[in-house]
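Here's the structure, in structure tokens; my notes come after.
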Amino acid sequence: PFTKWTPGAQNYADYIDFEHNGITYLVGLGASDGSVAMIRLDSDGDFDGYAYSRVMVDYTGSSSTVRTMSGFGAGYRYGTKIYFSSNTGSGIFEVDYTSLTAVLDRTGTNACDFGTSGMHGTTGTRVCSESPGTFPAPDPVTLKWVADAVSPTQFNDGFNCKDAPNPFLNPPSPPPSPPP
């Protein structure tokens with residue numbers, strides 16, 4: 001069972017920029033459990049605070065039996081869709097837009113506490129929930145499996161292609177077969 005959640009005590013290898021309601025955020029996934037780190041930027045592009053959210057992983061459609069979290073290295077963005085590759089080979093995952101923006105839009109006791117202290121430690125950790133350590137996580141961000149990974153790797157990097165066609169929504173056609 002889930003007993004301790006320490007999002008600030010894990011690595012976040014790649015961050016992808018994301019804009020919501022006129023605010024720019026950098027979004028990254030934690031190496032241990034896929035926790036979502038959200039760094040808020042001010043209008044000049046400077047650091048303005050951060051918060052963490054728990055995740056729920058949706059493996060619907062996956063044929064892989066690998067279900068471990070041991071890092072997300074490469075992040076990709078196509079338009080408003082954000083993807084991360086799992087270093088364990090369990091697949092490529094989309095950060096669900098609806099659940100991410102719902103977390104950012106929460107108010108009251110479950111609102112994101114965007115602060116500036118404790119970014120990489122366990123004290124002062126800023127979270128997006130009144131009780132983040134409960135199981136199941138209250139209103140987490142959903143990571144949706146979208147494609148198989150080629151193989152496990154620690155040598156990868158991501159990119160932003162805001163205006164490029166999304167290969168996860170419209171994969172290219174396979175090349176024609178050679179003549180007999």
Side-chain angles (χ1 to χ4, degrees), residues 1-18 20 25-39 51-106 110 112 125 127-162 164-174:
F2 183 79
T3 58
K4 188 174 181 182
W5 181 53
T6 56
Q10 57 187 311
N11 292 324
Y12 293 80
D14 208 355
Y15 285 89
I16 299 297
D17 66 309
F18 172 75
H20 178 62
Y25 300 89
L26 301 178
V27 177
L29 300 182
S32 300
D33 62 9
S35 293
V36 179
M38 298 164 287
I39 299 172
Y52 298 101
S53 178
R54 296 271 308 277
V55 298
M56 179 191 76
V57 181
D58 178 359
Y59 285 99
T60 302
S62 172
S63 60
S64 173
T65 58
V66 178
R67 299 282 193 271
T68 55
M69 297 289 166
S70 183
F72 287 88
Y76 319 90
R77 182 170 73 124
Y78 293 94
T80 59
K81 294 195 176 285
I82 299 170
Y83 303 92
F84 285 91
S85 296
S86 167
N87 288 348
T88 62
S90 60
I92 298 171
F93 296 86
E94 177 185 350
V95 177
D96 178 63
Y97 177 86
T98 301
S99 64
L100 177 60
T101 57
V103 165
L104 292 171
D105 290 341
R106 283 197 296 234
N110 283 324
C112 289
T125 297
V127 297
C128 296
S129 174
E130 181 178 28
S131 52
T134 60
F135 183 82
D139 303 317
V141 172
T142 301
L143 300 180
K144 297 190 296 189
W145 179 92
V146 295
D148 287 328
V150 177
S151 61
T153 183
Q154 297 293 318
F155 302 105
N156 53 30
D157 204 356
F159 50 85
N160 282 328
C161 300
K162 295 190 278 190
N166 187 331
F168 303 111
L169 296 178
N170 303 308
S173 300

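Below, each value reflects all heavy atoms present in this structure, side chains not excepted, and no hydrogens, waters or symmetry copies. Keep in mind it's a predicted model, so treat the numbers as computed, not measured.
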Assess the residue pair F93 and Y59 against the criterion (ring pair (Phe, Tyr, Trp, His ring centres under 6.0 Å)); give the C-alpha distance rounded to whole Å, side-chain angles, the decisive distance to 0.1 Å, and a yes or no. CA-CA 9 Å; F93 296 86; Y59 285 99; 5.6 Å; yes

Worked verdict on V95 versus F84 for side chain to side chain contact (heavy atoms under 4.5 Å, CB included): CA-CA 8 Å; V95 177; F84 285 91; 3.8 Å; yes

Evaluate side chain to side chain contact (heavy atoms under 4.5 Å, CB included) for T101 paired with F18, printing each intermediate quantity in order. CA-CA 10 Å; T101 57; F18 172 75; 3.8 Å; yes

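Taking CD1 of I82 as the reference point, atom CZ of R77 lies at 7.0 Å (rounded to 0.5 Å). Atom CG of D58 sits about 10.5 Å away from atom CD of E94, to the nearest 0.5 Å. For the atom pair L143 CG and S35 OG, the distance stands at 9.5 Å (nearest 0.5 Å).
The aromatic rings of Y52 and Y12 sit tilted relative to each other, their planes meeting at an angle between 30° and 60°.
Considering V36, D33, D96 in turn, V36 is the only one that fulfils the side chain to side chain contact (heavy atoms under 4.5 Å, CB included) rule with V55.
A side-chain donor-acceptor contact under 3.5 Å links D14 to the backbone of G75.
Counting heavy atoms of neighbouring residues, nucleotides and ligands inside a 6.0 Å radius, atom CG of D105 exceeds 12 of them.
Aromatic pair Y15/Y25: ring centres not closer than 6.0 Å.
With a 4.5 Å cut-off on side-chain heavy atoms, M38 and V103 count as touching.
Closest approach of S99 to T142, counting heavy atoms only: OG-N, 2.8 Å. Of all the heavy atoms in W145 and G91, the pair that sits closest is NE1-CA, 3.8 Å.
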